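Note that the structure is predicted; figures quoted are calculated from it, not measured.
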Amino acid sequence: MRVVFLNSLEKKDNVGVAVAAQVWIGEEDGSWRIGWNEIMEGEEQEYIWYEGVSWSEMLHVYRHHLVMKMSEGFRPIVEGIWDEREELRGRGMAAQKLVCYSEMNGNEPLYLELCSWRRKKASSERKAPYLIASNRLLRMISVFRPQTVEELLQLPGVGENKAKEYGPELLVLTLVSERSTSFPLSWVDLELDEEIFRSWLYKQKEAKFRVEMEKFTTRRNVLECINEGLGVEQISLRAGIERREAVELLEELEKDGYNTDNLIETELMEMPEGERTAVWKAYEEIGDTFLKPVLQRVYGQEMAEGVDLEKLYEQLRLIRIRYRRQRESIRSVG
């Protein structure tokens with residue numbers, strides 16, 4: 001096996017280096033391997049993170065596993081992974097530090113009270129709770145406890161409109177108890193330990209990379225299902241996703257150049273030819289950006305009782321894949 005990448009890391013404690021480690025990537029006959037070698041108290045253990053032929057999958061696994069180790073306190077001996085130092089100086093880092101501090105020094109009673117307020121407000125305004133305030137914003141409010149609108153505006157995520165609309169009610173909750181900190185919040189930068197903050201940042205990356213890896217795994221499973229000739233229902237079961245998600249993923253795969261035509265033909269077999277033609281004509285006349293106008297053009301403003309709307313929208317999406325493919329083909333020729 002040929003090692004094409006190697007980096008050394010270490011994890012320190014109060015005495016010195018507690019654990020040394022190396023992460024490496026090797027290649028042999030088109031197959032990739034990622035390994036993590038950890039040395040503690042003179043004993044070495046090797047862990048294989050990945051073995052396979054997919055370069056893209058290998059990179060997803062590498063980023064996710066490595067950032068997990070860095071969130072545990074491992075640091076590269078030679079800096080450079082993800083340009084950490086530049087990132088720590090980057091724009092918006094002061095806001096990140098406020099978020100980090102609030103999560104490390106939570107005020108759970110007030111936070112729960114704020115969550116209860118948000119739930120009632122969202123219900124009365126018929127909005128999603130996150131449109132009122134995010135969990136992170138409520139945590140910052142609970143920890144820093146602004147006592148004026150001007151102080152509230154110093155928290156990231158609070159603009160003039162939000163402060164004007166919800167500020168008075170929020171301040172009623174924050175003014176009840178005394179606070180031990182003050183505004184402005186520049187003291188947070190000195191109070192927050194740099195290494196703790198870096199580990200927190202890596203945990204945020206870990207969550208992001210985990211989502212990306214899950215999406216990649218789902219995409220790979222769907223491609224395998226297509227190659228096996230499976231239908232949408234079987235794909236959704238195999239990949240553990242809803243039918244709508246499966247069809248939306250088919251649209252993405254088609255954009256990326258994968259051929260989904262056999263699957264589409266199988267799924268549309270039950271749809272009368274006249275309906276297919278009417279849908280195609282509707283796309284030509286009113287465009288393919290939104291599905292509802294097409295649905296109404298073909299089936300009327302009022303749907304008949306018992307009509308499976310989800311099924312109809314799924315069929316519209318499948319036909320739209322073909323329509324867009326043909327349109328792109330005509331453009332490329334022209």
Side-chain angles (χ1 to χ4, degrees), residues 50 52-61 64 128 208-334:
Y50 176 78
V53 297
S54 171
W55 169 261
S56 297
E57 184 176 17
M58 184 269 291
L59 287 180
H60 277 81
V61 172
H64 181 236
K208 174 187 173 184
F209 290 157
R210 182 172 63 251
V211 171
E212 288 180 1
M213 199 165 80
E214 289 171 354
K215 286 182 179 179
F216 182 87
T217 301
T218 299
R219 180 185 174 97
R220 184 192 61 193
N221 289 339
V222 170
L223 283 171
E224 290 175 354
C225 291
I226 292 173
N227 290 334
E228 293 175 25
L230 303 182
V232 171
E233 183 63 27
Q234 293 166 304
I235 289 174
S236 62
L237 291 173
R238 173 87 68 86
I241 56 179
E242 298 293 327
R243 284 185 65 103
R244 176 169 178 170
E245 291 179 80
V247 175
E248 289 174 350
L249 189 48
L250 290 179
E251 290 183 290
E252 291 180 20
L253 291 172
E254 183 72 27
K255 289 178 185 177
D256 292 340
Y258 292 95
N259 191 330
T260 61
D261 205 48
N262 289 338
L263 186 152
I264 292 174
E265 183 58 36
T266 300
E267 292 296 323
L268 292 177
M269 284 181 64
E270 299 178 2
M271 188 178 188
E273 187 63 34
E275 287 185 28
R276 294 197 211 181
T277 303
V279 170
W280 192 283
K281 186 176 180 182
Y283 282 137
E284 290 178 328
E285 293 176 351
I286 61 179
D288 63 359
T289 303
F290 302 105
L291 294 174
K292 189 173 182 180
V294 174
L295 182 77
Q296 293 175 338
R297 172 70 66 89
V298 175
Y299 298 99
Q301 295 289 333
E302 299 293 331
M303 296 293 105
E305 188 176 345
V307 170
D308 187 345
L309 277 178
E310 284 296 319
K311 183 68 174 177
L312 287 180
Y313 273 116
E314 181 179 301
Q315 291 171 337
L316 293 186
R317 288 182 182 277
L318 293 173
I319 294 174
R320 185 169 65 177
I321 291 174
R322 283 183 166 177
Y323 175 77
R324 287 177 171 175
R325 185 199 310 146
Q326 185 183 94
R327 188 180 59 185
E328 288 301 315
S329 177
I330 293 172
R331 284 178 181 174
S332 63
V333 172

Legend entry - Between OH on residue Y258 and CG on residue L223, distance to nearest 0.5 Å: 5.0 Å

Legend entry - Minimum heavy-atom distance W280-Y323, with the two atoms named: CH2-CA, 3.5 Å

Inset, instruction - Nearest 0.5 Å please: distance from the OG atom of S236 over to the CG atom of N221. - result: 12.5 Å

Legend entry - Y283 side chain to L316 backbone, donor-acceptor under 3.5 Å: yes

Legend entry - Atom NZ of K311: over 12 foreign heavy atoms under 6.0 Å: yes

Legend entry - Inter-residue atom distance I286.CD1 - R297.CZ, 0.5 Å rounding: 4.5 Å

Inset, instruction - Would you check if H64 and F216 make a side-chain contact, meaning some heavy-atom pair closer than 4.5 Å? - result: no

Inset, instruction - Examine distances only and state if a side-chain atom of R238 and a backbone atom of E224 form a donor-acceptor pair shorter than 3.5 Å. - result: no

Legend entry - E270, CD: over 12 other non-hydrogen atoms inside 6.0 angstrom: no

Legend entry - Contact summary for G231 and Q234, nearest pair of heavy atoms: N-OE1, 3.0 Å

Inset, instruction - Could you tell me which non-hydrogen atom of H60 sits nearest to which non-hydrogen atom of M213, and how far apart they are? - result: O-SD, 3.8 Å

Legend entry - Ion pair R322/E265, N-O distance below 4.0 Å: yes

Inset, instruction - Could you grab the distance from atom CD1 of I235 to atom CD of E245, nearest 0.5 Å is fine? - result: 13.0 Å

Legend entry - N-O pairing of E314 and R244 below 4.0 Å: no

Inset, instruction - Determine the minimum heavy-atom distance between E267 and V232, stating which atoms define it. - result: OE2-N, 2.9 Å

Legend entry - Minimum side-chain heavy-atom gap D288-R327 below 4.5 Å: yes

Legend entry - Any donor-acceptor N/O pair, S329 side chain to R325 backbone, under 3.5 Å: no

Inset, instruction - Check the pair R276, L268 against side chain to side chain contact (heavy atoms under 4.5 Å, CB included), reporting the backbone distance first and the verdict last. - result: CA-CA 9 Å; R276 294 197 211 181; L268 292 177; 3.9 Å; yes

Legend entry - I321 CD1 to I264 CD1 distance, which is reported to the nearest 0.5 Å: 4.0 Å

Legend entry - Electrostatic pair R324-E254, nearest N-O below 4.0 angstrom: no

Legend entry - Heavy atoms from other residues, nucleotides or ligands near CD of E242 exceed 12 (cutoff 6.0 Å): no

Inset, instruction - Work out which heavy atom in T289 is nearest to a heavy atom in R320; give both atom names and the distance. - result: O-NH1, 3.6 Å

Legend entry - Nearest-0.5 Å distance, CZ of residue R317 to CD of residue E251: 5.0 Å

Inset, instruction - Answer yes or no: is there an ion pair linking E252 with K215, defined by an N-O contact shorter than 4.0 Å? - result: no

Legend entry - Stepwise side chain to side chain contact (heavy atoms under 4.5 Å, CB included) test for R243 and V247: CA-CA 6 Å; R243 284 185 65 103; V247 175; 5.5 Å; no

Inset, instruction - Decide if atom CG of D256 counts as having more than 12 heavy atoms of other residues, nucleotides or ligands within a radius under 6.0 Å. - result: yes

Legend entry - L250 to L263 - nearest heavy-atom pair and separation: CD1-CD2, 3.6 Å

